Amino acid sequence: GKAESRAKNNHGNYYDAQVADFALFLGRRKLAAEALRGAEEKRIARQIEADGRQPLELARTQSFSYSVFNLNALVELATLGSRLGIDLWHYRAPGGGSLRAALDFLLPFALGEKPWPYPQIKSFNPQGMIGPLLAAAAAFHDQRYAAAAETLGGDDHQAELLLLKAALAPGPEQTTPAARPAPQH
């Protein structure tokens, strides 16, 4: 586990997501917040270029698959961060990298608008983008991402379930006690 925490690619992201998720489940909000605050510089800034490329994932033989897999981990971190008032969704690294840049980089390839120019030795599965797109639609209030998720989902009812999940997900004000208004007497 300690080696995974130091990993610079998706391994490290999933380690942090698991730590934050388990810590929240156990009520250890301070531990979760530490893992999530570290994601800005340690994960987003080091892994996403200003144009949205994820170089560590693009170097792999299944570069699209791993770029999407890594994005899923980063989106999980951002979603967990929202529960604690930590906004990874809008974080922009000093070098310009951000979650939105990573989404926008992958989106035209996922939609088939551009051919994927990097190695991808196994099947190209753009449906892996559905979850991150729906989460981004909610986080950025951008229907373009929801429409892209629907396009990728086609007739698959899984997309409908993800849309429902996104619509029903509690916002930070519903999960963070500090954000709730004090009761009026």
Side-chain angles (χ1 to χ4, degrees), residues 1-25 31-84 86-111 114 116-140 145 148-149 152 158 162 165-166 169:
K2 291 185 187 226
E4 292 298 291
S5 75
R6 293 186 300 272
K8 296 178 183 176
N9 63 1
N10 66 74
H11 291 254
N13 295 344
Y14 278 105
Y15 174 87
D16 286 351
Q18 288 179 351
V19 166
D21 203 9
F22 297 161
L24 285 171
F25 178 76
L31 176 61
E34 287 172 12
L36 295 164
R37 282 194 190 96
E40 289 177 343
E41 183 181 324
K42 189 176 175 185
R43 306 298 177 203
I44 296 170
R46 293 181 185 170
Q47 294 178 24
I48 303 173
E49 300 290 326
D51 65 0
R53 287 180 301 114
Q54 301 170 59
L56 296 172
E57 308 307 334
L58 293 177
R60 302 179 75 143
T61 59
Q62 295 181 66
S63 57
F64 181 80
S65 300
Y66 275 101
S67 293
V68 172
F69 186 62
N70 191 51
L71 180 62
N72 271 279
L74 293 167
V75 164
E76 181 67 18
L77 288 168
T79 301
L80 291 168
S82 295
R83 294 173 181 231
L84 296 175
I86 299 168
D87 187 5
L88 297 176
W89 286 107
H90 294 92
Y91 171 75
R92 180 171 298 282
S98 67
L99 290 177
R100 188 168 214 152
L103 280 160
D104 290 344
F105 174 78
L106 292 170
L107 191 54
F109 301 109
L111 293 173
K114 291 181 176 180
W116 184 250
Y118 302 96
Q120 181 65 29
I121 63 170
K122 292 200 176 180
S123 64
F124 193 84
N125 181 13
Q127 285 74 26
M129 291 280 297
I130 294 172
L133 287 167
L134 291 172
F140 296 121
Y145 294 130
L152 292 173
Q158 180 69 19
L162 287 170
K165 181 180 174 186

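As the structure is a prediction and not an experimental result, all values here were calculated from the model.
Taking NE2 of His11 as the reference point, atom CZ of Phe69 lies at 7.5 Å (rounded to 0.5 Å). Rounding to the nearest 0.5 Å gives a distance of 5.0 Å between CG of Leu88 and CD1 of Ile44. How far CG of Leu74 is from CG of Leu99: 5.5 Å, rounded to the nearest 0.5 Å. Rounded to the nearest 0.5 angstrom, Leu80 CG and Phe22 CZ are separated by 11.0 Å.
Residues Ser65 and Gln120 approach most closely at OG-NE2, 2.7 Å, considering heavy atoms. Of all the heavy atoms in Leu77 and Ala39, the pair that sits closest is CD1-CB, 4.1 Å. Residue Pro126 comes nearest to Ala110 through the heavy atom pair CB-O, 3.3 Å, listed as atom of the first residue, atom of the second, then distance. Nearest heavy-atom pair across Pro119 and Trp116 is O-NE1, 3.8 Å. Residues Leu133 and Tyr145 share a closest heavy-atom pair of O-CB, 3.3 Å. Closest heavy-atom contact between Lys42 and Gln47: O-NE2, 4.4 Å.
Under the 4.5 Å side-chain criterion, counting only non-hydrogen atoms from C-beta, Leu58 is not in contact with Glu49. Between Tyr66 and Asn9 there is no side-chain heavy-atom pair separated by less than 4.5 Å. In this structure, the side chains of Asn125 and Val68 stay at 4.5 Å or more apart for every pair of heavy atoms. In this structure, the side chains of Leu84 and Leu24 come closer than 4.5 Å at one or more pairs of heavy atoms. Counting only heavy atoms from C-beta outward, the side chains of Trp89 and Arg100 never approach each other to under 4.5 Å. When side chains are defined from C-beta on, Pro117 counts as touching Phe109, because their heavy atoms get closer than 4.5 Å. Counting heavy atoms from C-beta on, the side chains of Leu103 and Met129 come closer than 4.5 Å.
Side chain of Glu40 to backbone of Ala45: no donor-acceptor contact under 3.5 angstrom is found. Checking side-chain atoms of Ser67 against main-chain N and O of Glu57 turns up no donor-acceptor pair under 3.5 Å. Looking at Glu76, its side chain never comes within 3.5 Å of a backbone N or O of Ala17 through a donor-acceptor pair.
With a 6.0 Å radius and a threshold of 12 heavy atoms from other residues, nucleotides or ligands, Glu34 has its CD atom above the threshold.
Put simply, the residue from Asn70, Asn72, Val75, Leu71 that forms a side-chain contact (heavy atoms from CB on, under 4.5 Å) with Asn13 is Asn70.
Ring geometry for Tyr118 against Phe105 counts as tilted: the plane angle lies between 30° and 60°, on a 0 to 90° scale.
Using modelled atom types, one finds no donor on one side chain facing an acceptor on the other under 3.5 Å when comparing Arg43 with Tyr91.
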